[in-house]
Amino acid sequence: MSIQLLGDVPNAKARHHVGSKRKSLRVAKMFALPHVGILAGASLSAVAWMLPPISSAGKGFVASTPTSTDLFRTIGAYLLIATISGIGYLFGITLSRKLPELKEGRASDLRQTDVWTASIVLSLIGVMIANIIVIRAMGFSGCFHSIITFNANALKFTLYEDYNAGLLSLRYLSIAAAAVAIFRYLAFREFSFRTILSFALLMFVAIVSSRLSLIWAVVIGVVTYLLYPADRPKRNISRSEFFSGAGIVIVLLGALTISRTYGFYQTRGADSVVAAVGSEFQRYLAAPFQGSIESVNNARQRSRLSEKAGIDASLSTNSAFVDFAILIGRWNIIGLSLTLLCSGCMCGILRRYSGTYLILAFGVLQGCHLEIWRISMFHRGVTLTLLAFTLTMPLILNWIRFPALIIPRIRVRV
């Protein structure tokens with residue numbers, strides 16, 4: 001039982017302000033839960049599916065209106081997989097109580113920089129190799145021309161033309177490096193040379209490889225901040241910082257979209273940059289819900305699901321239900337449910353280590369949960385690379401001490 005003296009509370013206004021911030025943080029923490037992430041992504045997709053087309057480019061699909069029964073089944077399928085993920089999460093928390101704790105102050109502690117430095121060094125190797133491949137194939141002038149003509153997808157296609165897993169996959173670790181940079185700024189207001197280098201590596205990967213990199217770095221960094229132990233000091237985020245950060249992410253996503261696909265939407269009749277970006281986001285969000293409807297209600301016809309759903313052939317990520325239907329047919333809901341049961345359980349176990357770099361793996365899995373509405377990311381190279389690093393490097397550096405790598409500590413007051 002704790003006793004609080006009246007003198008410890010300045011005034012009623014201050015108490016209300018503190019209470020309001022704590023309530024906001026509790027609400028924000030809900031979005032770090034696996035089942036909430038699944039439903040949030042699915043809801044966003046459903047809203048985009050219901051809205052009228054933004055431009056002549058359409059919503060990414062042309063199909064007859066589904067029946068109310070089809071819609072109820074689809075919504076029920078999402079509620080089912082979210083519930084099972086939540087059950088797995090609670091089971092994982094129960095299991096984690098039997099696991100040992102990690103001591104504070106070691107390399108795995110989020111207040112240390114060893115793991116962060118390792119992610120920067122390894123991702124730098126991957127980015128340099130990717131850079132060499134792209135420049136060798138297109139030359140400096142070709143790369144520049146692709147960007148200024150809003151066809152940056154050509155860089156990605158060049159990189160993946162002869163892609164092999166290996167050192168090139170290390171570029172994905174720029175996501176982990178940037179996520180740590182985001183966490184350390186949010187929690188400690190750190191803006192150092194490591195921060196600048198982490199963001200530079202992330203932006204290269206986002207331009208050349210995938211916008212997913214930017215989204216995942218934000219998700220992992222914010223989840224790490226939200227789950228950071230309450231008994232450790234961290235600063236609160238103001239509303240102005242929240243909206244400023246959200247605005248920066250939206251602008252970057254818009255710029256990356258323009259650089260990649262503006263030329264494509266011009267040929268589809270988009271008469272402005274705003275129309276092109278809006279059409280891209282709507283097609284990206286809406287078509288997967290149409291795919292979900294088709295795969296939940298007609299999973300047996302797995303070889304032609306996207307075609308039967310009327311989805312544009314240029315769109316390749318059309319719901320995790322479609323992915324599983326292609327693999328196992330009408331058992332897609334059960335297969336996805338079992339997968340989410342396991343991932344939810346893993347998140348529950350990792351929650352025990354929220355003060356260490358192992359919690360980054362929680363953020364990676366939450367990124368997968370947020371993507372369920374459009375794709376199953378659990379077996380993808382980016383996920384496997386990030387999980388391999390975040391689950392092993394903190395433990396390796398706990399027991400094997402490498403010579404310290406000195407990186408200049410340039411701090412900028414923001």
Side-chain angles (χ1 to χ4, degrees), residues 34 37-39 41-46 48-49 58-64 66-67 69-85 88 153 156-157 160-161 163-165 169 209-212 215-216 283-344 346 364-365 367-387:
I38 292 169
L39 293 178
S43 300
L44 197 60
S45 180
W49 177 84
K59 294 194 289 185
F61 62 90
V62 178
S64 58
T67 65
T69 302
D70 291 341
L71 280 176
F72 283 133
R73 284 176 181 168
T74 305
I75 294 170
Y78 273 115
L79 291 174
L80 175 65
I81 63 173
T83 300
I84 290 177
S85 176
N153 267 340
K156 177 180 178 179
F157 297 148
Y160 281 90
E161 189 173 312
Y163 182 82
N164 289 302
S169 301
S209 185
S210 173
R211 288 164 292 178
L212 173 70
I215 298 171
W216 271 38
R283 284 162 56 87
Y284 181 81
L285 288 166
F289 193 77
Q290 179 68 21
S292 296
I293 294 171
E294 188 66 32
S295 56
V296 167
N297 293 281
N298 300 292
R300 293 182 180 181
Q301 301 179 10
R302 54 187 182 179
S303 60
R304 299 173 56 242
L305 276 175
S306 293
E307 181 184 338
K308 281 188 61 60
I311 297 174
D312 194 314
S314 65
L315 298 172
S316 57
T317 55
N318 304 318
S319 171
F321 284 119
V322 173
D323 292 343
F324 274 80
I326 292 172
L327 287 173
I328 55 178
R330 60 177 179 160
W331 302 100
N332 58 338
I333 298 176
I334 294 176
L336 184 55
S337 297
L338 292 175
T339 301
L340 292 173
L341 179 69
C342 294
S343 67
M346 189 67 181
V364 174
L365 292 172
C368 294
H369 297 142
L370 287 165
E371 296 273 7
I372 282 295
W373 58 274
R374 75 176 191 96
I375 191 173
S376 173
M377 289 294 300
F378 295 105
H379 65 290
R380 310 283 172 174
V382 57
T383 305
L384 297 178
T385 301
L386 287 169
L387 286 179

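We count residues from 1, following the sequence as given. None of these values were measured; they are calculated from a predicted model.
Between I333 and S337, the closest side-chain pair of non-hydrogen atoms falls below 4.5 Å. Side chains of F321 and I81 form a contact here, defined as non-hydrogen atoms less than 4.5 Å apart. Taking 4.5 Å as the limit, some side-chain heavy atom of H369 sits within range of a side-chain heavy atom of F378. Side chains of I311 and E294 form no contact here, defined as non-hydrogen atoms less than 4.5 Å apart. S319 is not listed as a side-chain neighbour of F289, based on a closest heavy-atom distance of 4.5 Å or more. Contact annotation: the side chain of V364 approaches that of W216 to within less than 4.5 Å [non-hydrogen atoms, C-beta and beyond]. Counting heavy atoms from C-beta outward, F324 and T339 have side chains that approach closer than 4.5 Å.
Annotation: Y284 is in aromatic contact with W373 [ring centroid separation under 6.0 Å].
The minimum heavy-atom distance linking G60 with A287 is given by the pair O-CB, 4.1 Å. The two residues S292 and T74 have their closest heavy-atom pair at CB-CG2, 4.0 Å. What you find for V322 and N318 is that their closest heavy atoms are CG2-O, 3.0 Å.
A48 is linked by a side-chain contact (heavy atoms from CB on, under 4.5 Å) to L285, A286, counting only residues two or more places apart in sequence or in another chain. Residues meeting the side-chain contact (heavy atoms from CB on, under 4.5 Å) test with T317, sequence neighbours left out: R374, I375. When the side-chain contact (heavy atoms from CB on, under 4.5 Å) test is applied to A42, the partners found at least two apart in sequence or on another chain are Y78.
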Quick one: do L386 and T383 satisfy side-chain contact (heavy atoms from CB on, under 4.5 Å)? Show the steps, please.
CA-CA 5 Å; L386 287 169; T383 305; over 6 Å; no
Please test I293 against R73 for side-chain contact (heavy atoms from CB on, under 4.5 Å), starting from the C-alpha separation and ending with a verdict.
CA-CA 8 Å; I293 294 171; R73 284 176 181 168; over 6 Å; no
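Taking OG of S295 as the start and CG of N332 as the end, the distance is 5.5 Å to the nearest 0.5 Å.
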